[in-house]
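Counting starts at 1 for both ligands and their atoms, following the listed order. These numbers come from a predicted model, not from an experiment.
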Amino acid sequence: MPNLMLPGLVDVHVHLREPGGTHKEDVASGTAAALSGGFVGILDMPNNTPPITDRQTLYQKLGIYRAKAVSDYGLFVGFDGEHVQATVEAAPLAVGLKLYLDETFGDLTTREPARLAEVFEAWPGPGPIAVHAESASMRVALQLAERYGQRLHVCHVSHPDDLFPIDAARQRGVTVTCEVTPHHLFLSDEAVERLGAYAHVKPALVPSELVDLFWQRLHLVDAVASDHAPHTRTEKGEMPRQSTPAALRQKQREPQDPAMGARREASPAPPGLPGLETTLPLFLRAVDEGRLTLERMLELLHDNPLRIYGLQAAADSAVEVDLGTPYRLPFEGYSTRCGWSPFVGQWALGHVVRVRLRGRPVYEDGRVLVAPGYGQPLGRSEQA
Ligand code: NCD
Ligand code: ZN
């Protein structure tokens, strides 16, 4: 069978940890992981150390990307909850504004309605406002977007019922889009029992009935984004090597220790899962199973990610995939510095063999072929 040729994909939600967390990932390892997963462009979140909340910190982070990135990129600016003007001044350098209305890893949560209203009113674009906002706070974000006429993007929708108010707002003329993560589509809260801290993520994984509803309502979803958020094995604690679905079925037959669940819930490990290298093979398997069409997959991983952020596809770029036969995702052997995957043991299809970016081969058989700094900021499209 000839290899499958795809356009270079774009992941609109990643955390590459530089500056401040390079023991987890850095721009070199993270953009290499992007290429090996078939992504030629990534959008990086602002919850770094220090957080990216003004022109100076954003400019410094852009400098790191300019020196080290091997994929294309766009960077978000955040809001420190206080200095609206500092955020606004960084807008021309940013791909969008990221606001955290709920608690997560990092220190950028803003709940105070007056502050939120101020920043929604002041944001000048051209990028949209992207929010981490689950259920109740998502409704607040929708209201603010409507009141101030802002383009809103809801990151990692946390519950399939949240898709309805998004759709209703869209019907009322609010410009709102949303993304769902692969871990909300391919893992359920069963994984928390099986993998412990390695399935601890914000928003939390949901029961399998809700995973089914995400799939049934996929027509209401604009994009799939990994929320690639690596933490080291040391930070996450010991991962059971036998963490495949087969091992779980075995474990379910064994008597349960009722204290286990409670201990895991209280897990002090930081939330977040790597995902750049597993999205495409998981989705190709889903396409193979007839759960969605290849065309729809490309809307979710290419067309809409670019449209939402008003970005141009990089010219002369392509991903070549050797489909082969279905396989189980491995325990190790990833390019991401954290080196593990919560999807270990899941069925997948296809290996990225070659990636072309702006006319040059940039990746082949596990190797990056270009020098650090080949990556460029994703260009804005005309209409944005
Ligand atoms: C993210 C991280 O580790 O940066 N963690 C997560 O559980 N998703 C934070 C985030 O996505 O907001
Ligand atoms: Zn995130």
Enquirer: For Glu295, I'd like to know if atom CD has over 12 heavy atoms of other residues, nucleotides or ligands within 6.0 Å.
Expert: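 Atom CD in Glu295 is not crowded, with 12 or fewer foreign heavy atoms closer than 6.0 Å.
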Enquirer: What is the name of the N/O/S atom in Asp227 that sits closest to the Zn ion (ligand 2)?
Expert: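 Of all N, O or S atoms belonging to Asp227, OD1 is the one nearest the Zn ion (ligand 2).
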Enquirer: Checking only N/O/S atoms, does His132 have one that is under 2.8 Å from the Zn ion (ligand 2)?
Expert: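 Checking His132: none of its N, O or S atoms is under 2.8 Å.
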Enquirer: Between Phe105 and His231, is the ring centre distance below 6.0 Å?
Expert: yes
Enquirer: I'd like to know if Val180 and Leu218 are part of one continuous hydrophobic network [Ile/Leu/Val/Met/Phe/Trp/Tyr, side-chain heavy atoms within less than 4.5 Å].
Expert: yes
Enquirer: Kindly print each ligand 1 N/O atom paired with any protein N/O atom under 3.5 angstrom away, one pair per line, or none if nothing qualifies.
Expert:
from, atom 1, to, atom 2, distance (Å)
ligand 1, 3 (O), Arg17, NH2, 2.8
ligand 1, 3 (O), His231, NE2, 3.0
ligand 1, 3 (O), Pro271, O, 3.1
ligand 1, 4 (O), His15, ND1, 3.2
ligand 1, 4 (O), Arg17, NH1, 2.9
ligand 1, 4 (O), Arg17, NH2, 3.4
ligand 1, 4 (O), Asn47, ND2, 2.8
ligand 1, 5 (N), Pro271, O, 3.2
ligand 1, 7 (O), Lys202, N, 2.8
ligand 1, 7 (O), Pro271, O, 3.4
ligand 1, 7 (O), Gly272, N, 3.2
ligand 1, 8 (N), Lys202, O, 2.9
ligand 1, 8 (N), Asp227, OD2, 2.8
ligand 1, 11 (O), His15, NE2, 3.0
ligand 1, 11 (O), Asp227, OD1, 3.0
ligand 1, 11 (O), Asp227, OD2, 3.4
ligand 1, 12 (O), Thr104, OG1, 3.3

Enquirer: Could you tell me whether Arg17 and Glu25 make a salt bridge, using a distance below 4.0 angstrom between a side-chain N and a carboxylate O?
Expert: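 Glu25 and Arg17: not salt-bridged.
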Enquirer: Under the criterion side-chain hydrogen bond (donor to acceptor under 3.5 Å, both in side chains), I'd like the reasoning laid out for Glu134 against His159: C-alpha separation, chi angles, the key distance, then a yes or no.
Expert: CA-CA 8 Å; Glu134 305 180 28; His159 191 291; over 6 Å; no
Enquirer: Is Asp222 paired with Arg307 through a side-chain N to carboxylate O contact shorter than 4.0 Å?
Expert: yes
Enquirer: Is the shortest distance from a Lys or Arg side-chain nitrogen in Arg360 or Asp316 to a carboxylate oxygen in the other one below 4.0 Å?
Expert: no
Enquirer: Strictly under 2.8 Å, is any N, O or S atom of His15 next to the Zn ion (ligand 2)?
Expert: yes
